[in-house]
Peer 1: 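Sharing a structure with you now.
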Amino acid sequence: MNTMMAAQPPVRSRNSQPGEESIAQYIASSESIDQLVADGYLVRHDGRLIARQLRAPQLRQALTHSMCHTARPDVDDFYQADGESDTDWSRRRAGTVRSNCSACPVRAACAELALRDDDTEGLRGGLTPEKLRTRLQAEAAGLDQARAEDQRAAREQQARIAAAVEVQHLARQYLGGSIPPKKREANHAAIATAARRRDELFATHRLATGWTQAA
């Protein structure tokens, strides 16, 4: 991606400008992870802005497109070996970044997930541990907000799953056999109530993630 200004946006975080943040938010909410990767939206500066808008499960999904996942380089290449001098490590990690991270289509997502997980050991998204720790400190407030959003999204997902399971449980409750009319009516009413709750949760989620009411 050369620039996000080609996109037409419909909140502000860390060091980005309000306009950039709005555009990044729009792109992140209107494209699937696979499409973001295919369009090159998760690399360089723009990728850093967009990665901030994604939830942790989306970032993990993006990593399935990473060089580490597809090419499977030696994991030890990303860490300083015991007893290895800083000079040797600096030279070796430069080669790792050049061979892997520089060509990785999701390096911004990799770095963002490392920061959210407070994982600053080894190379992440082409960034050294020193650079990761610097970003972790400089972006502390934004990262705290992102983690809170990740937790909220996880709670809402669990609520949607529980609501769907409840509908299935009620629907199976009186399968087969002779069922008294009153129990059948009560069961149908409970199913209808549970189904409405399930549908409301899923509709809210679709709207929040950019889907239409009818989707």
Side-chain angles (χ1 to χ4, degrees), residues 1-5 12-21 23-25 27-28 31 33-151:
M1 175 180 57
N2 295 326
T3 175
M4 292 190 302
M5 295 310 295
R12 185 173 182 178
S13 71
R14 308 181 211 172
N15 300 321
S16 59
Q17 297 300 315
E20 289 182 321
E21 185 74 15
I23 295 169
Q25 189 176 65
I27 294 173
E31 299 283 355
I33 293 298
D34 289 348
Q35 196 61 50
L36 289 175
V37 175
D39 290 343
Y41 277 123
L42 292 176
V43 293
R44 300 190 179 91
H45 175 67
D46 290 352
R48 182 173 170 180
L49 298 179
I50 291 172
R52 292 172 180 175
Q53 303 298 326
L54 301 176
R55 303 277 54 84
Q58 294 175 299
L59 293 171
R60 293 190 180 94
Q61 180 185 347
L63 293 192
T64 62
H65 297 275
S66 69
M67 290 291 290
C68 287
H69 186 83
T70 57
R72 297 192 180 280
D74 190 337
V75 173
D76 290 340
D77 291 345
F78 295 82
Y79 296 91
Q80 185 172 10
D82 293 340
E84 183 178 20
S85 69
D86 290 344
T87 300
D88 289 343
W89 164 230
S90 178
R91 184 184 304 111
R92 190 165 61 83
R93 76 189 184 197
T96 298
V97 170
R98 184 170 55 253
S99 300
N100 299 282
C101 303
S102 294
C104 183
V106 295
R107 55 187 179 272
C110 178
E112 177 69 18
L113 186 59
L115 293 171
R116 292 205 201 162
D117 289 343
D118 199 11
D119 179 7
T120 60
E121 297 298 324
L123 296 170
R124 294 292 185 273
L127 300 180
T128 63
E130 295 77 16
K131 289 183 178 179
L132 287 168
R133 285 191 285 271
T134 296
R135 278 189 57 181
L136 191 64
Q137 184 175 19
E139 301 174 10
L143 287 166
D144 283 344
Q145 182 180 0
R147 293 184 191 108
E149 284 297 302
D150 288 342
Q151 293 173 358

Peer 1: If the test is salt bridge (Lys or Arg N to Asp or Glu O under 4.0 Å), which one of Glu21, Glu20, Glu139 qualifies with Arg48?
Peer 2: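 In the set Glu21, Glu20, Glu139, the residue that makes a salt bridge (Lys or Arg N to Asp or Glu O under 4.0 Å) with Arg48 is Glu139.
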
Peer 1: Working to the nearest 0.5 angstrom, can you tell me the gap between Ile50 CD1 and Ile27 CD1?
Peer 2: 4.5 Å

Peer 1: Output all residues satisfying side chain to side chain donor-acceptor pair (under 3.5 Å) with Gln35, sequence neighbours left out; order by chain, then residue number.
Peer 2: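 Side chain to side chain donor-acceptor pair (under 3.5 Å) list for Gln35, sorted by chain: Asp39.
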
Peer 1: List the atom of Phe78, the atom of Pro73, and the distance in Å for their closest heavy-atom pair.
Peer 2: CE1-CG, 3.7 Å

Peer 1: Donor-acceptor pair, Thr120 side chain versus Pro129 backbone, under 3.5 Å?
Peer 2: no

Peer 1: Could you go step by step and tell me if Arg107 and Leu127 meet the side-chain contact (heavy atoms from CB on, under 4.5 Å) rule?
Peer 2: CA-CA 9 Å; Arg107 55 187 179 272; Leu127 300 180; over 6 Å; no

Peer 1: Atom CG of Leu143 and atom CZ of Arg116: how far apart are they, to the nearest 0.5 Å?
Peer 2: 7.5 Å

Peer 1: Under 4.0 Å between a Lys/Arg side-chain N and an Asp/Glu carboxylate O for Arg93 and Glu84?
Peer 2: no

Peer 1: Short question: side chain of Ser90, backbone of Asp86 - any donor-acceptor pair under 3.5 Å?
Peer 2: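 The answer is no, because no donor-acceptor pair under 3.5 Å joins these two groups.
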
Peer 1: Any chance you could lay out the side-chain contact (heavy atoms from CB on, under 4.5 Å) test for Asn100 and Cys68, step after step, and finish with the verdict?
Peer 2: CA-CA 8 Å; Asn100 299 282; Cys68 287; 5.9 Å; no

Peer 1: Any chance you could lay out the side-chain contact (heavy atoms from CB on, under 4.5 Å) test for Arg92 and Asp77, step after step, and finish with the verdict?
Peer 2: CA-CA 8 Å; Arg92 190 165 61 83; Asp77 291 345; 4.2 Å; yes

Peer 1: Before you tell me yes or no, could you show the steps for Thr128 and Leu123 under side-chain contact (heavy atoms from CB on, under 4.5 Å), namely the whole-Å CA-CA distance, both residues' side-chain angles and the distance that decides it to 0.1 Å?
Peer 2: CA-CA 5 Å; Thr128 63; Leu123 296 170; 4.2 Å; yes

Peer 1: Could you pull out all donor-acceptor pairs under 3.5 Å where a side-chain atom in residues 54-61 meets a protein atom, sequence neighbours excluded?
Peer 2:
{"from": "Arg55", "atom 1": "NE", "to": "Asp150", "atom 2": "OD1", "distance (Å)": "2.7"}
{"from": "Arg55", "atom 1": "NH2", "to": "Ala146", "atom 2": "O", "distance (Å)": "3.3"}
{"from": "Arg55", "atom 1": "NH2", "to": "Asp150", "atom 2": "OD1", "distance (Å)": "3.3"}
{"from": "Gln58", "atom 1": "OE1", "to": "Arg55", "atom 2": "N", "distance (Å)": "2.8"}

Peer 1: Over all heavy atoms of both residues, which pair between Val37 and Pro105 is shortest? Give the atoms and the distance, please.
Peer 2: CG1-CB, 4.1 Å

Peer 1: Measure across Ala51 and Ala108 and return the closest heavy-atom pair with its distance rounded to 0.1 Å.
Peer 2: CB-O, 3.8 Å

Peer 1: List the atom of His69, the atom of Leu63, and the distance in Å for their closest heavy-atom pair.
Peer 2: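 His69 and Leu63 have their closest heavy atoms at CB-O, 3.4 Å.
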
Peer 1: Just verifying a value: how many Å separate Gln53 CD and Glu149 CD, rounded to the nearest 0.5 Å?
Peer 2: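 Separation between the atoms: 10.0 Å.
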
Peer 1: Between atom CG of Leu42 and atom SG of Cys110, what is the distance when rounded to the nearest 0.5 Å?
Peer 2: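 Answer rounded to 0.5 Å: 11.0 Å.
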
Peer 1: Would the distance check show the side chain of Arg52 and the main-chain N or O of Glu112 forming a donor-acceptor pair, the cut-off being under 3.5 Å?
Peer 2: no

Peer 1: Is the closest side-chain heavy-atom distance between Asp34 and His65 below 4.5 Å?
Peer 2: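 Side-chain contact under 4.5 Å: yes.
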
Peer 1: Taking atom CD as the centre, does Gln137 end up with more than 12 heavy-atom neighbours from other residues, nucleotides or ligands that are less than 6.0 angstrom away?
Peer 2: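 At most 12 heavy atoms, drawn from other residues, nucleotides or ligands, come within 6.0 Å of this atom.
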
